[in-house]
Visitor: 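One structure coming up, written as C-alpha cells, with questions to follow.
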Amino acid sequence: MDPNFLWVLSGSVLLGTSSGAIGAFAVLRKRSLLGDVLAHAALPGVCLAFMLTGAKELFPLLVGAALTGYLGVKCIDAITRWSRIKEDTALGIVLTVFFGIGVMLLTAIQHSGAGNQAGLDTFLFGQAASLVGRDVVVIAVAATMLLLAVALFFKEFKLLCFDRGFGEGLGFPMRQIDNLLMALIVMAVILGLQAVGVVLMAAMLITPAVAARYWTERLDVMVLLSALFGGLSGMAGAVVSALGPRLPTGPLIVLAATGIFLISLVAAPRRGLVAKTLRYLGTRRKVARENLLRDVYEQHELSFDGTGVASDALQGIELDRVIGESSSPGRRSRLRVAQALAKEGLLRLELTGETWICSLTPRGLQAAWDVVRRHRLWELYLTHKADLKADHVDRDADDIEHFLTPDLVARLERLLEEHHQGPRIWPSVHPLDELRR
Amino acid sequence: MDSYDLAIIVTGALVAGSCGFIGSFLILRGMALLGDAISHSVLLGIVLAFLITGDTSIVPMFVGALIFGLLTAVMVQALNRGGVEGDAATGVTFTAFFALGVVLLTAFAGRVHLDLDHVLYGEIAYVPWDLLYLGDVAIGPKALWTMGIVFLIDLLVVGAFSKEFKICSFDPGMAASLGINVALFHYLMTALVSLTTVAAFESVGAILAVAMLIVPGATAYLLTDSLGRMLGLSVAVGSLSAAGGYLLATWLDSSISGAMAATAGALFLLAFLFSPTHGVISRALARRRVGHRGESMLQ
C-alpha cells in the first residue's frame, strides 16, 4: 500500500476523532457556529505569522491562527456585551471581516512575491491529500492532548453544558472551564483547517455531534459516538478520495459525515424519523380505537338510563349513530376502525335489513369500560379538584384519557374514593345524548 | 480616476448597496447567519446548473442558486422542528451543500469553467472587461447591469410589501395576528437573499457578499432607530466600504473584495465606538455627564 495514503488516512482519522469529541461539547454548549467563525478568523493569523517569520513552518502558523481566532472570539463577546447587536450578527461580522482581512493579506503576500508562499492558501480548502509524516506526528500529538483533556475534564464540561449555575454553586471555576473548552475548540479548529479548510471546518465539529445526539440521551455515549462518527468520516473521506484522481479529501470527509447524519436522522431508534413516525401512527391508531369503543359504550349506556351497562342485556345500535351519517366527515376512517375492531372480536357487526347494527362483545365491553372509566375519572377529578363546570370537562378528558397510566388511574381512584364517589364506574357527569364528533 | 476604477467602484457600491439593503432585514430578524449559509449553499445550485445545462449563461445559474437558497432555509427550519438546535442545523445544512458543490466542481473541473477561488473571492478586478453587448454595441460591464437589475428588484419587492416586511421583522407574532402570512414573507426574503447573493457572487465572490449582507446593516443599526433610515444608511455605508476598499486594495496591491470587507469592518468599528446614540464611548460620556449632574444636584 502507498505509504503516502497511510499518512493521509491516519491524519484524517485522528482529526475526525478529536474534532468529533470536542464538537459534542461545542454543540451542547450552543457554540456550534463558533467553529466556523474561528476557522475564518484564523486566516489573518496564518498570513501574519508567515509575514513575520517568512517561513512556512507549521507550528508558528498554527500559533498565529490560534491567536487571531481567539481575538475573534473576544471581539464577538465585546460586540454583544457593549452594543445592542445580537450574537448571530456579531458572529457574522467577525467571520466576514476577519476573513476579508485574511484574504487581503494573503493576496498582498502573493503579489509581493515573497519566496515560498505557495501552500499558504491550502489552509483555505485543506490539504488532507498532501499530509506527510511530519504533519501527522504534530496532529497525533495534538489530537491525543485533546482527547485526554476531554477525558480529564469530562465532568466539568458536563456541568458547563447542562447547568452552569449549579457548577458555580458547587464551587467550580466555571469561567476558567469555559475558557478551557474554548481553547480546546480553537485547537481542534486550527488542526482541522489543514484537512478540510476554512469553510468546511464547521462541519467537522457540528455534524458528527448532531448525528450522535440522535442515538443516545447520555453525554458519555454521545461524546464517544461523536468521536467515532468523526473518525469514520475521516476514514471514508480518505479512502474514497484515493479512488479517483479528482476527488478532494476534505469535502469528501464532510460528505461522509453528512451521510452518517442522514442515516441517524432517519433510522435512529428513538429520535429518528422512522421511529417517530411509527410511534405517531401507533398513537393515532390507539386513540381512534379507544374513541370508537367509548362511543359505542356510551350509546349502549343511553339505553340503560345511566346506571351502568350489563354485558348480558346489550341492545344493538345502528352503526351510523357511532360512525356518523353517510356524508359526515371522518366516517370512512371510523368505519375502518370499526371493521378492525370487529375482526379482533371486540365489536359485533350485523346487517339487519338495510342498516348495520353494532354491539360490544364481552371482551369489547371490558376494553370500552377501561377507556370510559379513565375518561370519567378525569372528568370527576376536574369537576371536584379543579372546580370546573361539568359541561367544560369533556374535551380535556378526551385529550388525556388515552395517556393515563394504570398507576395514575389507581391514584385517581383512591383520591375519588375519599370523596365517596360510588360504584367502580360512574355515570357521565354530563348528558350523553349528542354525538361528540 | 479613470473609467476602469469607476466601473469597479460603482459595481462594488451596487453589490454593497443591495446586500446591505436586504441584509438589514436579516439582522433585524436574527437571521444573519442564514445569509451566510445561503451564500455557501448556492454554490451547489450554480454548479448543478452548469452541469445540467452545460451553459455559463446567467439565467440557469440564478434558478439553481435560488432553488438551493430556498432549500437551505427550508432544511434549516425542518431540522429545527426535528429537534436540532438552530445554529447546528444551519451548520450541518450549508456545509453539506457546499461540500457537495466543491466535490462536483473538482470532479467535473474539465467541463465546468468555474474556478473555486473565483467563486469564493470573486474577481471584481475583471468586471470592467466583461462587457454586455446589445447587438454590437457595448453598453457597459455585465456585472454592473446584473447588480443594477437585482438592486431594482430588491427595492421594488421590499417597497411593494414594506409594511409587511416591517412588521414581520420586528414582531412576527403580531404580524401573524394581523393575518399576514409570516412564512410566505420569510421565504420571499430568503428568495431575495439568494438572488442578491448569487448576483453578488459572480462579481465579488461569496465572502464579500456575506460581508456586505451583514456588516453595513449592523453599522446602520448602531446609528439609527428608524427602519427607513437604517435601510438608507446601510446602502450608504456599503457604498463607502466599496470605494474605500478599492482605494485600500490598490494601495496594498491586494484582493479588492477582501479590502472592501476589511473597510466595512473598520466602518463598523467606528460606529461601535462613536455612534452618537449607541456608541460605546458616547454612552460612557453620557453616563459621566449624568453622574456630574447628579453630584451637582446633591451639593
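Quick note on labels: first sequence line is chain A, next is B, and so on, each numbered from 1.
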Visitor: With rounding to the nearest 0.5 Å, note down the distance linking CG in L28(B) to OG1 in T89(A).
Guide: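 Those atoms lie 8.5 Å apart.
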Visitor: Would you list the atom pairs, donor with acceptor, under 3.5 Å between side chains in residues 95-103 of chain B and any protein atom, with sequence neighbours excluded?
Guide:
unit_1	atom_1	unit_2	atom_2	d
T95(B)	OG1	G91(B)	O	2.6
T95(B)	OG1	V92(B)	O	3.2

Visitor: With a 4.5 angstrom heavy-atom cut-off, is it the side chain or the backbone of D36(B) that approaches chain A, or both, or neither?
Guide: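 Contact with chain A is through the side chain of D36(B) alone.
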Visitor: With a 4.5 angstrom heavy-atom cut-off, could you sort out which part of F98(A) is near chain B: side chain, backbone, both or neither?
Guide: neither
Visitor: Which one, A266(B), A88(B), G217(B), leads in non-hydrogen pairs under 4.5 Å with chain A?
Guide: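 The residue among A266(B), A88(B), G217(B) with the greatest pair count is A88(B).
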Visitor: I need the contact set between residues 257-270 of chain A and chain B: heavy-atom distance under 4.5 Å, sorted by residue number.
Guide: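 Within residues 257-270 of chain A, near chain B: T258(A), F261(A), L265(A).
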Visitor: Against chain A, label L34(B) side chain, backbone, both or neither, depending on which of its atoms sit under 4.5 Å from a heavy atom there.
Guide: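 For L34(B), there is no contact with chain A at all, as no heavy atom is under 4.5 Å.
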Visitor: Salt-bridge test for R29(B) and D88(A): reply yes if a basic N is under 4.0 Å from a carboxylate O, no otherwise.
Guide: no
Visitor: First locate atom CD1 of I85(A), then atom CD1 of I27(B), and finally report the distance between them rounded to the nearest 0.5 Å.
Guide: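 Answer for the CD1-CD1 pair, I85(A) versus I27(B), is 7.0 Å.
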Visitor: If you compare all heavy atoms of G100(A) against all heavy atoms of A261(B), which two are closest, and at what distance to 0.1 Å?
Guide: CA-CB, 3.9 Å
Visitor: Between F94(B) and D36(A), is any pair of side-chain heavy atoms under 4.5 Å apart?
Guide: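 Yes. Closest side-chain heavy atoms under 4.5 Å.
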Visitor: Closest approach of T107(A) and S255(B), non-hydrogen atoms and distance?
Guide: OG1-N, 2.6 Å
Visitor: For F268(B), is it the side chain, the backbone, both or neither that has a heavy atom under 4.5 Å from a heavy atom of chain A?
Guide: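 Interface part for F268(B): side chain.
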Visitor: Measuring heavy-atom distances to chain A, does M31(B) have an atom under 4.5 Å in its side chain, in its backbone, in both, or in neither?
Guide: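 Only the backbone of M31(B) comes within 4.5 Å of chain A.
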Visitor: Please rank M104(A), R271(A), M201(A) by heavy-atom pairs under 4.5 Å with chain B and give me the top one.
Guide: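 Answer, by heavy-atom pair count under 4.5 Å with chain B: M104(A).
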Visitor: Any side-chain heavy atom of L247(A) within less than 4.5 Å of one from T106(B)?
Guide: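 No, every pair of side-chain atoms sits at 4.5 Å or beyond.
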Visitor: So which of A32(B), S254(B), A89(B) has the biggest tally of heavy-atom pairs under 4.5 Å with chain A?
Guide: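 Of the candidates given, the most pairs with chain A belong to S254(B).
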Visitor: For the candidates L34(A), L205(A), I79(A), L273(A), which exhibits the highest count of non-hydrogen atom pairs separated by less than 4.5 Å from chain B?
Guide: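 Greatest number of close heavy-atom pairs with chain B: I79(A).
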Visitor: At a 4.5 Å cut-off on heavy atoms, which part of L79(B) comes close to chain A: side chain, backbone, both, or neither?
Guide: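 The side chain, not the backbone.
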Visitor: Just wondering, do V280(B) and S83(A) contact through their side chains at under 4.5 Å, heavy atoms?
Guide: no
Visitor: Which of the residues E87(A), K86(A), K276(A), R84(A) is involved in the greatest number of heavy-atom pairs with chain B at under 4.5 angstrom?
Guide: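 Heavy-atom pair counts peak at R84(A).
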Visitor: Rounded to the nearest 0.5 Å, how far does CD1 of I206(A) lie from CG of D87(B)?
Guide: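 If I round to the nearest 0.5 Å, the distance is 7.5 Å.
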Visitor: With a 4.5 angstrom heavy-atom cut-off, could you sort out which part of L273(B) is near chain A: side chain, backbone, both or neither?
Guide: neither
Visitor: So which of A211(B), G82(B), G83(B) has the largest heavy-atom pair count under 4.5 angstrom toward chain A?
Guide: A211(B)
